[in-house]
Trainee: 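If you scroll down you'll find the structure; I have some questions about it.
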Amino acid sequence: QEWQNPFATWDPRDFCNISEIVLPMDTYWSPPIFILERVNGQNPELNYVVLMHNGSFNTTRPYQVTLTCSLIILKFPFDTQTCNLSIASFLYPVTDFVMKTRRTPAEIMKDSQSFFLTDGEWRFTNLSILEYTEMMDDKGFSVVTYVISMERRPTLYILNLILPTCALYLLDMAVLFGPSSLEEKINFQIAIILGSSMLAVILNNSLPTSSNKPPIIGTH
């Protein structure tokens, strides 16, 4: 965060060439911001701000939060999800308080990718920024929304679910049209049904539940 305070300036030549100082956050006014999609998280413990001699304030406060995100898993596990992270301050209207992004989406995207230290289930694909005014009670409030796109890595699901399912169906067809006796076919069919049931249980535990439409893989 960066902001200006014209009442907090000084001439470094009058103070031993000191051009910046570190102060607690509550020393001066600081912008109160809220994450709209936040449902849980930890408040930052780094409550300090750097004050420059020209009245420029600069602070970096790391947040660890859990956000709500609407999932569309129709194409699971080959799905791409889009989540919003909206930052706003509903204490001051847009006539008094306006938020602007300092860096471009490409720069933020590059910095964000550097924080992914491990290869998890998701791959960070895109980030865009929306700056707009939200109207509430006939007042406008400044909001900045980061639209985050993530792509699921399907390799694990292909190896554990899709390939075994296809193998069971191929085996089912081979037994059905094979020269085996009726008793052997019935035994094979029972074994295949049990195997399909186990895969269905694994699939049910793996599928996300927060979606209006079930995934195609779970309905066929």
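Index from 1, following the sequence. Side chains included, hydrogens not; waters and symmetry mates left out as well; all remaining heavy atoms used.
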Trainee: Going by atom types alone, do Thr101 and Glu131 pair a side-chain donor with an acceptor below 3.5 Å?
Mentor: yes
Trainee: Do other residues, nucleotides or ligands put more than 12 heavy atoms under 6.0 Å from the OH atom of Tyr48?
Mentor: no
Trainee: Heavy atoms, side chains only, cut-off 4.5 Å: are Trp3 and Asn58 in contact?
Mentor: no
Trainee: What pair of heavy atoms forms the shortest contact from Thr59 to Arg61, and how long is it?
Mentor: OG1-CG, 3.5 Å
Trainee: Of the non-hydrogen atoms in Arg152 and Ile73, which two are nearest, and what is the gap between them?
Mentor: NH2-CG2, 4.3 Å
Trainee: Measuring only between side-chain heavy atoms, which start at C-beta, is Val147 closer than 4.5 Å to Thr82?
Mentor: yes
Trainee: At their closest point, which heavy atom of Ser128 faces which heavy atom of Pro105, and how far apart are they?
Mentor: CA-CB, 4.4 Å
Trainee: Of the non-hydrogen atoms in Trp10 and Pro12, which two are nearest, and what is the gap between them?
Mentor: O-CD, 3.5 Å
Trainee: Okay, side chain of Ser142, backbone of Met99: is any donor-acceptor separation there less than 3.5 Å?
Mentor: yes
Trainee: Aromatic contact between Phe90 and Phe34, with the criterion being ring centroids under 6.0 Å apart: yes or no?
Mentor: no
Trainee: With heavy-atom distances below 4.5 Å as the criterion, would you say the side chains of Phe15 and Ile21 are in contact?
Mentor: no
Trainee: Evaluate the side-chain proximity of Asn84 to Ile148: yes if any heavy-atom separation is below 4.5 Å, no if none is.
Mentor: no
Trainee: So do the side chains of Tyr28 and Leu23 get within less than 4.5 Å of each other, counting heavy atoms only?
Mentor: yes
Trainee: Would you call Met136 and Phe141 a side-chain contact if the rule is heavy atoms closer than 4.5 Å?
Mentor: yes
Trainee: With no hydrogens and no angle check, just 3.5 Å: does a side-chain donor-acceptor pair link Ser56 and Glu2?
Mentor: no
Trainee: Any chance the side chains of Thr145 and Tyr132 put a donor and an acceptor closer than 3.5 Å?
Mentor: yes
Trainee: Heavy-atom distance under 4.5 Å between the side chains of Leu163 and Tyr157, does that happen here?
Mentor: no
Trainee: Do any N or O atoms from the side chain of Ser89 and from the backbone of Pro32 form a donor-acceptor pair under 3.5 angstrom?
Mentor: yes
Trainee: What are the two closest heavy atoms between Gln81 and Ile72, and how far apart are they?
Mentor: NE2-O, 2.8 Å
Trainee: Keeping Arg38 on the side-chain end and Leu67 on the backbone end, is there a donor-acceptor pair under 3.5 Å?
Mentor: no
Trainee: Side-chain contact test, heavy atoms from C-beta onward, threshold under 4.5 Å: evaluate it for Phe124 versus Ser149 and give yes or no.
Mentor: no
Trainee: In terms of side-chain geometry, is the basic nitrogen of Asp11 or Arg13 positioned less than 4.0 Å from the acidic oxygen of its partner?
Mentor: yes
